[in-house]
Amino acid sequence: MLDKQSPVPIYIQIEEYLKNQILQGDFVIGVAIPSERELTESFGVSRMTVRQSITNLVNEGLLYREKGRGTYVATPKIEQPLNGLTSFTEDMLSRGMKPSNKLISFKKIIPEKDIARELQLDKDEEVFVVKRIRYADDKPMAIERSYLPVKLVPELDLATIEGSLYSYIEKDKRLVISHATQCMEAVLVKKEDAELLQVYMPSAVLMIERISYLTKGIPFEIVRSAYRADRYKFISEIRR
Ligand code: GLP
């Protein structure tokens, strides 16, 4: 199976082989792949080589390791389009997944200057700060910190925030969500978020900041979300 004369390094050949087994469904999601020792024996290579191939596939999100138990086939990442202004609830429902939230904190504060400026607030105007863990089929996907001007949603309460924020704004408040700007960067997860997202330290997360506007360009939210990089990939269609 391996071509020792090939210029392609052996660990990459093993990686490709394992990847094919995963993509063809020969290795099943959530089930352990053969152990390092078994792979070492069947390929006739060193354990270091096998470990390198597996590490690459773990880093790509195709496999995950469970300490002291083995290496398992990961659930494929969610492919999230970047083109539409959709809510987490809508995104999950459109995939047939069950969205849910866990509220971590809910406060009313006078925001820092940069938040106040982006939300076009005067010096002493307040915002709600909401921190939620977002789940899909009961698995943690992202943590979101949302800043919402109190004057736009003064009655916001715990019960509302447990559901969909966009549904509350559109259906209950009858406000019209118009557009948003977003920026995305890769960062290492913060310690407090690692526990909530159930990831090891250090892990990469995709940090997205969205500023969303109602009609007439009125900003109604700034959201900083940390998405699990092993559960998400973002896709966009681009045209020439
Ligand atoms: C996404 C966006 C957030 C937005 C949220 C609303 O997660 N990144 O900016 O606030 O959707 O979702 P929901 O209506 O489910 O609360």
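We count ligands from 1, going down the list as the structure has it; atoms in each ligand are counted the same way.
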Looking at S164, which atoms of ligand 1 are within less than 4.0 Å of one of its heavy atoms? 13 (P), 14 (O), 15 (O), 16 (O)
Would you say V223 has any N or O atom under 3.5 Å from an N or O of ligand 1, going by distance alone? no
According to the interplanar angle, ranging from 0 to 90°, do the rings of F43 and Y17 count as parallel (below 30°), tilted (30 to 60°) or perpendicular (above 60°)? perpendicular
Just one of R134, R224, R210 clears the salt bridge (charged side-chain N to carboxylate O under 4.0 Å, His left out) bar with E144, so which one? R134
Applying the side-chain contact (heavy atoms from CB on, under 4.5 Å) test to L196, which of R132, K102, K131 qualifies? K131
Going by an N to O cut-off under 4.0 Å, is there a salt bridge joining K113 and D122? no
Within the 4.0 Å heavy-atom shell around L165, which atoms of ligand 1 are there? 13 (P), 14 (O), 16 (O)
Considering only non-hydrogen protein atoms, determine which one is nearest to atom 11 (O) of ligand 1 and report residue, atom name and distance to 0.1 Å. F88 N, 2.9 Å
Taking the minimum heavy-atom distance to atom 10 (O) of ligand 1, which of E221, E162, E144, Q182 ranks first? E221
With atoms numbered from 1 as shown, which atoms in ligand 1 lie under 4.0 angstrom from a non-hydrogen atom of R132? 16 (O)
Look at atom 2 (C) of ligand 1 and say which protein heavy atom is nearest, naming residue and atom and giving the distance to 0.1 Å. R210 NH1, 3.4 Å
Please determine whether any non-hydrogen atom of E90 lies less than 4.0 Å from an atom of ligand 1. no
Looking only at side-chain N and O atoms, does T55 offer a donor or acceptor that is under 3.5 Å from a partner on R65? yes
Closer than 4.0 Å to some heavy atom of T89 - which atoms of ligand 1 meet that? 13 (P), 15 (O)
Short side-chain donor-acceptor distance under 3.5 Å, T160 and D157: yes
Test: E15 and R51 ion pair at under 4.0 Å: no
Are K19 and E60 within salt-bridge range, i.e. N to O under 4.0 Å? yes
Would you say R134 touches ligand 1, if touching means a heavy atom closer than 4.0 Å? yes
Please confirm whether Y227 approaches ligand 1 to less than 4.0 Å, judged on its heavy atoms. yes
